Structures are given as structure tokens and as C-alpha cells.
Amino acid sequence: MWPYPRILAHRGGGTLAPENTLAGVRRGMVAGFRAIEYDVMLARDGVPVVLHDPVLGRTVAAPGSVTDYDALALAALDAGSWFGPGYAGEPVPLFAEFAQYCKAHGVWMNIELKPAPGFDAATGTTVARMTAALFAEELDHAPASGQAARVPLLSSFSEAALQAARVAAPRLPRALLVDALPPDWRERAAALDVAALHVDHLALTAAQAADVKAAGLGLFCYTVNEPARARELLGWGVDAFCTDRIDLIGPGFR
Ligand code: G3P
Ligand code: MG
């Protein structure tokens, strides 16, 4: 039911490197991680980039928003200096290059579709198409072959993005991200044909976890940074989670 890794480095390398950068992925790999969550949105020209905030300024040293720039202009901006001088010049990654790098290094991906306002469907369509093309061979194998476990999982708070992804690449697995489980989670999951629910662990109860698992869905939590809490969630039947504290919670955590 959950063929993927159980412990993911959040935003690439957690809080040990600048988020959503290749430096972050490399830092996660040094810690032994071969599974990450990261965020993707479209630039002005419709080309996806790896970025969390549509409004620049926090991690990217530039004014305006992601849709004020074409992707290549974003890729020339500094997404590392905010974290530390050793990361000055670390670029905003183009999604295509970032995903290829992860695939080439055996790093499994939970790709969060994080559309800039108004770009929900376009983000789902574009990222799903590109991901399906990158993993075309794996998608052609039978689910039982083990190849399917290498295929990325697309997740989003945006149901419009997930629906668009479903149309663009129906065989790519999807997950619905929520803060707290809504009362109609079963209906929403069925309507979107998602494989999993991704829930804020702070809003999850043991009873809810049991209900989600009994419904046959995968259950993922974000963002779990304390080992005792991580152990408790796994005890509730949570399949997997992402963490910022890759120094405290390693890929083999139990
Ligand atoms: O995908 C889980 C988590 O990353 C969602 O929240 O804001 O860190 O992207 P955020
Ligand atoms: Mg995210």
C-alpha cells in the first residue's frame, strides 16, 4: 500500500541546507537520505521551478513574485545566501534539471505541486506531463515489478492542480495535502482518485489515522521534527513522513 520510502527530507535537505536547492539534496544524501519532498510552481513562461514561496524575498534575493520572471531569469537568482554565505549563488533550480538529478542519484521524490495563485491547473498539467515523461519506462512496468516504487508521488493542497495532473498523466500517483482531515476526506480522496492523504501531524489523531488506513489509503505526515512524536505516529500506522531535522531523524528511523 505504501511502496515508497518512509522518511523523507523536507524541502530537499531539511533545515541543514537552503530549502529547495540542489545543495539541499546533496546535504540530504550526505545524511543518507534517498527520498525527499520539495515544492514546484510555474514561472511566468510556464516553466516549472523548485520554490516554496510565490512571493520572492525570503529565500530568493529578488523583489516581486515568481510569475514576474521567466524560469531562466529565476535560475540566475541567489537562493542560497539567506541560509549562509557558504551557499551564496546557489540557484533556484529548474524542475526539469532538479528531477533529473534526483532520478540519476536514486533519490525518490514527493513532488508538491505548489501553484502560484491562478496557476493551479497549469501547474498540475505541466509538472505531471514532465514527470511522466521522465519516468516513462518505470510507468510502463507492472505495479508489482518494483519499478513503480521509483515513480514520484505528486501531492498538493490544490485540488484543481491534482485534477489537472490526473488528466495529464493518469498513471502517476497523487496525494491530497490537507492541514486537518476534512469531514469529507473519503469523498474528496475518491473524487481525485488519490493514493494517499498527506496531513499535518499536529492535527492528526490516532483514531483518524486508523480510519484512513482502514479506507485503504496511504497516510503521510508533515513535518515531523521530534523523534518521540515520529515514533508515536509510526505506531499509529502512519506510513511515512517528512522531516526538517535530518540530523535527528535519519532515513532508517524506527
Ligand atoms: O508536503 C508537505 C509540506 O511540505 C507541506 O507544507 O509549506 O512545507 O510546503 P510546506
Ligand atoms: Mg512542501
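First listed ligand is number 1; within each ligand, the first listed atom is number 1. No experiment lies behind these values; they were computed from the predicted model shown.
- At least one heavy atom of His52 lies less than 4.0 angstrom from ligand 1.
- Within ligand 1, counting atoms from 1 as listed, the ones closer than 4.0 Å to a heavy atom of Lys114 are 6 (O), 7 (O), 9 (O), 10 (P).
- With rounding to the nearest 0.5 angstrom, the CG atom of Leu134 is 10.0 Å from the CG atom of Leu172.
- The residue from Pro152, Ser155, Ser156 that alone fulfils the side-chain contact (heavy atoms from CB on, under 4.5 Å) condition with Ile111 is Pro152.
- Of all atoms in ligand 1, listed by their number and element, those nearer than 4.0 Å to a heavy atom of His10 are 3 (C), 4 (O), 8 (O).
- The same ILVMFWY cluster, assembled from side-chain heavy atoms under 4.5 Å apart, contains both Val127 and Leu22.
- Within ligand 1, the atoms closer than 4.0 Å to a non-hydrogen atom of Glu37 are 1 (O), 2 (C), 3 (C), 4 (O), numbered from 1 in the order shown.
- By the 4.0 Å N-to-carboxylate-O rule, Asp239 lies close enough to Lys213 to be salt-bridged with it.
- Ring pair Trp2/His198 is tilted by interplanar angle, where 30° to 60° counts as tilted.
- Between the CE atom of Met41 and the CG atom of Leu113 there is a distance of 10.5 Å, given to the nearest 0.5 Å.
- Among protein heavy atoms, the minimum distance from atom 5 (C) of ligand 1 is reached at Glu112 OE1, 3.4 Å.
- Taking 2.8 Å as the limit, the number of protein N, O or S atoms around the Mg ion (ligand 2) is 3.
- With 3.5 Å as the limit, one finds a donor-acceptor pair spanning the side chains of Tyr222 and Asp179.
- Against a heavy-atom cut-off of under 4.0 Å, Arg11 is close to the following atoms of ligand 1: 7 (O), 8 (O), 10 (P).
- Under a 4.0 Å criterion applied to the non-hydrogen atoms of Asp39, ligand 1 contributes the atoms 9 (O).
- Note that CD1 of Ile36 is 8.0 Å distant from CG of Leu8, once rounded to the nearest 0.5 Å.
- Residue-environment remark: CD (Glu232) exceeds the threshold of 12 foreign heavy atoms within 6.0 Å.
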